[in-house]
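Working notes, structure below.
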Amino acid sequence: MALTIHNNLTGKKEKFVPLEEGRVSIYVCGVTVYDDIHMGHARSMVVFDTIARYFRHIGYEVNHVTNFTDVDDKIIDRAAQTGEAPLELSARYIEEYFKDSESLGLVGADAYPKASESMGDIISMVSDIIDAGFGYAAEDGSVYFSVDRVEDYGRLTNQRLEDLESSGRIAQDPHKRNPMDFALWKAAKPGEISWDSPWGKGRPGWHIECSAMIRAVMGDRIDIHGGGNDLIFPHHENEILQTEAVTGEPLANYWVHNGMLQVKGEKMSKSVGNFFRVRDVAARYRKEEIRFYFLNAHYSSPMVYSEEAMEESSAGLRRLWNNHGDLVAYARKPSGDYDAAEEIAAMRAAFRKQMDDDFNTRGAIEALFNLARATNRLMSEGRLSQKGALDALGAMAECNEVLGILPEAGGDEGDIGPLVDLLIEIRGELRGMKAYALADRIRDGLADLGIVLEDTSDGVKWKKG
RNA sequence: GUCGGGAUAACAAAGUGGCCAUGUGGGGGACUGCAGAUCCUCAUACGGGGGUUCAAAUCCCCCUCCCGACCCCA
């Protein structure tokens with residue numbers, strides 16, 4: 001079955017056809033670095049990280065690029081408050097961003113262009129837009145994009161220009177020819193950070209940096225453009241206008257947007273102040289738990305964040321971890337001869353089918369749960385072979401390359417194995433003498449060291465908790 | 001106002017014409033010194049109203065409610 005993607009440009013699920021056989025280019029709008037990132041950003045990061053991982057998993061060569069907006073009004077305002085230079089402040093938060101990326105288990109993008117380091121590309125793109133007749137320099141030294149020059153405005157939004165103009169939310173600006181025109185280049189106010197340009201000192205408008213950086217780093221056309229669905233209008237709409245004004249070609253073939261993370265039914269956002277920092281959540285949960293929380297729902301659905309939701313989702317994930325640990329332990333002392341080939345093949349097929357269906361991670365996770373139930377049963381019946389246990393672990397590991405929700409394989413079990421076995425043996429003798437207090441001390445003590453003992457009808461099993 | 005996306009059992013969340021979703025939580029049972037894990041099993045669904053169909057959570061129409069976008073945003 002072929003990979004299908006819900007394309008927001010058409011509103012339909014479409015078969016994915018890359019521009020170039022075997023390769024996929026993905027650009028994801030990154031963050032404005034004036035503060036720590038929150039769980040809403042984390043969702044977007046995990047979602048697109050997983051999509052990139054899946055493309056690699058099925059054999060694509062992936063070019064994944066995400067940007068940093070490190071020059072803008074909010075950064076300038078915040079820097080004025082802290083007394084830092086704007087670029088110092090943004091550099092500091094970019095460092096924090098990478099720390100948080102690790103707490104989310106991100107593979108990472110292939111390139112992270114920054115607006116401040118792309119001025120040449122941005123200025124030349126603005127010039128190209130003016131040359132193409134879509135931009136004009138105003139008297140104040142700013143450059144605007146002329147929406148009236150565009151014939152089919154609102155392709156991504158499915159909005160008509162007149163409707164947007166009449167929304168009453170568009171600020172009037174004497175320098176603009178049409179109130180819907182947007183800034184490509186903003187003239188600097190006195191004392192503000194600025195760059196030299198043919199139109200005087202200034203800095204880029206918000207939308208132009210993405211268009212310019214995509215063009216410079218990835219080329220005129222890309223396969224997939226992603227971001228949060230709050231960016232659809234005006235940001236992505238305007239990116240399309242800018243790029244196509246210059247290239248005359250579609251910017252991206254597929255537009256993919258993740259749903260918003262809400263708090264108590266309201267969008268998590270810095271301006272509302274109802275956000276949970278990634279750093280704080282990561283202090284309490286492992287990266288696998290955070291990823292599982294996000295991937296347990298479809299990327300496009302809205303999610304409501306709460307501590308309770310995290311706890312509930314982690315309780316479910318522990319079931320998979322237990323199964324994984326049990327399989328590892330079982331493989332050391334297998335007792336059956338059934339290879340579970342059918343169950344494992346069914347899981348692989350279901351995983352692929354679900355992921356191919358617009359990256360349905362929730363459905364893919366379900367396939368893992370189904371295999372877990374099957375192998376748990378086979379282990380409890382003592383029917384699973386060593387090959388079956390190892391194959392199941394192998395299949396789980398393959399899925400995990402995409403999802404990143406299972407603990408990474410520890411390699412030091414061989415070293416502690418004999419020690420644990422000795423303790424289990426001694427505890428067994430104590431239990432035989434009904435010296436339960438001492439036996440429990442061994443079990444509790446090992447638990448504190450991260451080794452969990454479980455008494456089963458099949459003998460004592462241990463695993464790393 | 002215009003344009004999107006939603007409403008599934010206690011909670012979370014897939015599915016999209018007929019067959020067991022899944023996970024958490026709850027009830028019962030197995031195992032058991034206890035604990036935990038695991039297995040078996042049970043219960044509770046498709047916002048409301050019409051329609052199409054042998055058959056609708058799924059298709060069509062209407063209604064209600066929620067979220068998002070239109071200033072900044074993942």
Side-chain angles (χ1 to χ4, degrees), chain A residues 8 11 28-32 34 37-48 66 69 72-74 154 156-160 162-171 180 206 226-237 257-262 265-272 292-293 296-298 300-304 306 308-320 322-323 325-326 329 354 357 360-370 372-373 375-381 431 434-437 439-440 443-444 447 452-458 461 463 465:
Chain A
N8 272 134
V28 183
C29 283
V31 292
T32 301
Y34 72 99
I37 59 168
H38 60 61
M39 289 294 281
H41 305 118
R43 181 180 191 194
S44 186
M45 290 155 72
V46 168
V47 160
F48 288 103
T66 191
T69 299
D72 100 315
D73 291 347
K74 289 192 174 170
L156 191 59
T157 331
N158 201 19
Q159 289 270 74
R160 291 179 314 149
E162 307 87 78
D163 292 334
L164 289 164
E165 282 166 2
S166 62
S167 77
R169 298 220 203 172
I170 308 300
M180 287 299 294
W206 177 35
N229 69 13
D230 54 344
L231 297 180
I232 295 173
F233 187 89
H235 188 55
H236 290 165
E237 193 70 55
H257 297 104
N258 63 276
M260 289 296 103
L261 189 64
Q262 305 169 5
E266 193 178 27
K267 180 177 145 186
M268 183 180 290
S269 112
K270 289 182 198 169
S271 46
V272 180
F292 183 82
Y293 169 72
N296 207 197
H298 189 83
S300 65
S301 309
M303 289 181 86
V304 180
S306 68
E308 295 74 40
M310 269 301 294
E311 286 297 328
E312 193 178 313
S313 128
S314 290
L317 177 57
R318 255 171 255 134
R319 181 172 166 79
L320 289 180
N322 284 332
N323 174 251
D326 288 346
Q354 295 292 345
D357 183 8
N360 189 347
T361 51
R362 169 66 210 204
I365 285 168
E366 203 171 301
L368 286 172
F369 276 113
N370 286 333
R373 190 176 356 93
T375 53
N376 278 335
R377 181 178 192 167
L378 289 166
M379 284 190 284
S380 72
E381 292 169 346
R431 290 175 72 206
K434 296 200 190 294
Y436 294 122
D440 287 351
R443 184 173 62 192
D444 295 344
V452 181
L453 299 193
E454 286 173 4
D455 301 320
T456 73
S457 52
D458 220 25
K461 290 193 293 189
K463 65 189 170 200

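Letters A, B, ... mirror the listed sequences (proteins, then strands); counts begin at 1.
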At under 4.0 Å between heavy atoms, what does N296(A) touch on the DNA or RNA strands: base, sugar-phosphate, or nothing?
sugar-phosphate
First locate atom CG of N322(A), then atom CG of L317(A), and finally report the distance between them rounded to the nearest 0.5 Å.
9.5 Å
Please work out if M379(A) contacts a base, only the sugar-phosphate, or nothing of the nucleic acid, heavy-atom cut-off 4.0 Å.
nothing
So do the side chains of M303(A) and M268(A) get within less than 4.5 Å of each other, counting heavy atoms only?
no
To the nearest 0.5 Å, atom CD of E311(A) lies from atom OH of Y293(A) at 12.0 Å
Looking across every strand, which nucleic acid part, if any, lies under 4.0 Å from N158(A) by heavy atom: base, sugar-phosphate, or nothing?
sugar-phosphate
Let's test this: given Watson-Crick or G-U wobble pairing with both distances under 3.5 Å, identify the partner of rU58(B).
none
Which one is paired to rA13(B), where only Watson-Crick or G-U wobble pairs with both distances under 3.5 angstrom count?
none
Could you tell me the separation between the CE atom of M260(A) and the P atom of rC70(B), rounded to a whole number of Å?
11 Å
Using the C1' atom as the reference point in each nucleotide, state the distance between rU32(B) and rU38(B) in Å, no decimals.
12 Å
Gap in Å between the two P atoms, one belonging to rC71(B) and one to rA14(B), rounded
30 Å
How long is the line joining CZ of R373(A) and P of rU24(B), in whole Å?
10 Å
Hey, does H298(A) reach any base, or is it just sugar-phosphate, or nothing, if we go heavy atoms under 4.0 Å?
sugar-phosphate
Nearest-angstrom distance from the residue atom CD of Q159(A) to P of rG4(B):
8 Å
On a whole-Å scale, what distance lies between the C1' atoms belonging to rA7(B) and rG47(B)?
6 Å
For Y436(A), answer base if it contacts any base atom (sugar-phosphate contacts may also be present), sugar-phosphate if it contacts only those atoms, and nothing otherwise; contact means non-hydrogen atoms under 4.0 Å.
base
So, under a plain 3.5 Å distance rule, would you say the side chain of R319(A) forms a donor-acceptor pair with the base of rA37(B)?
no
In the structure shown, which nucleotide is the Watson-Crick or G-U wobble counterpart of rA7(B), with both distances under 3.5 Å?
rU64(B)
So how far is it from N370(A) CG to I365(A) CD1, rounded to the nearest 0.5 Å?
12.5 Å
Across the strands shown, which category fits G227(A) at heavy-atom distances under 4.0 angstrom: base, sugar-phosphate, nothing?
sugar-phosphate
Between rC61(B) and rU53(B), how far is it from one C1' atom to the other, in whole Å?
16 Å
Taking all non-hydrogen atoms of both residues into account, name the closest pair between G259(A) and R43(A) and its distance.
O-NH1, 2.9 Å
Short side-chain N/O contact from K267(A) to OP1 or OP2 of rA69(B), under 4.0 Å
yes
Please state whether the base of rC72(B) and the side chain of D73(A) form at least one donor-acceptor pair under 3.5 Å?
no
Take A372(A) and G316(A), find for each the nucleotide of RNA chain B with the closest heavy atom, and name the residue whose nucleotide sits nearer the 5' end.
G316(A)
Whole-Å distance, L378(A) CG to rC40(B) P, equals 10 Å
Distance in angstrom units between L317(A) CG and rG25(B) C1', rounded:
17 Å
Nearest listed nucleotide, side chain of R443(A), among rA74(B), rG33(B), rU22(B)
rG33(B)
Spacing between M303(A) atom CE and rC67(B) atom C1', to the nearest angstrom
15 Å
Starting at NE2 of H41(A) and ending at P of rA74(B), how long is that distance when rounded to a whole Å?
4 Å
Distance check, C1' atoms only: rG26(B) and rU44(B), in whole angstrom units.
10 Å
Value rounded to 0.5 Å, distance of CZ in R431(A) from CG in D455(A):
3.5 Å
Have a look at T32(A) and say if it touches a base, only the backbone sugar-phosphate, or nothing, with a 4.0 Å heavy-atom cut-off.
sugar-phosphate
Suppose we define a pair by two distances each less than 3.5 Å, Watson-Crick or G-U wobble; what does rA43(B) pair with here?
none
Choose from rC70(B), rC34(B), rA74(B) the nucleotide whose nearest atom is closest to any side-chain atom of F233(A).
rC70(B)
Once rounded to the nearest 0.5 Å, what's the spacing between atom CG of L231(A) and atom CG of L156(A)?
10.5 Å
Could you go through the side chain to side chain contact (heavy atoms under 4.5 Å, CB included) check for E454(A) and D326(A) one step at a time?
CA-CA 10 Å; E454(A) 286 173 4; D326(A) 288 346; 3.9 Å; yes
Just call it for N360(A): base, sugar-phosphate, or nothing, with non-hydrogen atoms closer than 4.0 Å on any strand.
sugar-phosphate
Tell whether E312(A) reaches the base of rG23(B) with its side chain through a donor-acceptor pair below 3.5 angstrom.
yes
Give S301(A) one of three labels, base, sugar-phosphate or nothing, depending on what nucleic acid heavy atoms sit under 4.0 Å from its own.
sugar-phosphate
Under 3.5 Å, is there any donor-acceptor pair linking the side chain of D440(A) to the base of rG33(B)?
yes
Check every strand shown and say whether I232(A) touches a base, only sugar-phosphate, or nothing at a heavy-atom separation below 4.0 Å.
nothing
Do R431(A) and rG33(B) have a side chain to base donor-acceptor pair shorter than 3.5 Å?
yes
Distance, rounded to the nearest Å, where L261(A) contributes CG and rG68(B) contributes C1'
13 Å
Base, sugar-phosphate, or nothing for G30(A), non-hydrogen atoms under 4.0 angstrom?
sugar-phosphate
C1' atoms of rG18(B) and rA55(B), separation to the nearest Å:
6 Å
For K434(A), answer base if it contacts any base atom (sugar-phosphate contacts may also be present), sugar-phosphate if it contacts only those atoms, and nothing otherwise; contact means non-hydrogen atoms under 4.0 Å.
nothing
Going by purine N1 to pyrimidine N3 plus the second Watson-Crick contact, or the G-U wobble pair, all under 3.5 Å, which nucleotide sits opposite rU2(B)?
rA69(B)
Ignoring the backbone of D455(A), work out which of rC34(B), rG23(B), rU38(B) is nearest its side chain.
rC34(B)
Taking any heavy-atom pair under 4.0 Å as a contact, classify N322(A): base, sugar-phosphate, or nothing.
sugar-phosphate
d(L368(A) CG, Q354(A) CD) to nearest 0.5 Å is 11.0 Å
What's the gap between rG15(B) and rC70(B) when it is taken at their P atoms, as a whole Å value?
28 Å
P atom, rC31(B) versus rA35(B): distance in rounded Å?
15 Å
Decide yes or no for Q159(A) and E237(A): does some side-chain heavy atom of the first lie under 4.5 Å from some side-chain heavy atom of the second?
no
Nearest of rC72(B), rC39(B), rG15(B) to any side-chain atom of P234(A)?
rC72(B)
Heavy-atom nearest nucleotide on RNA chain B for A309(A) versus G40(A): which residue maps closer to 5'?
A309(A)
Check every strand shown and say whether N370(A) touches a base, only sugar-phosphate, or nothing at a heavy-atom separation below 4.0 Å.
sugar-phosphate
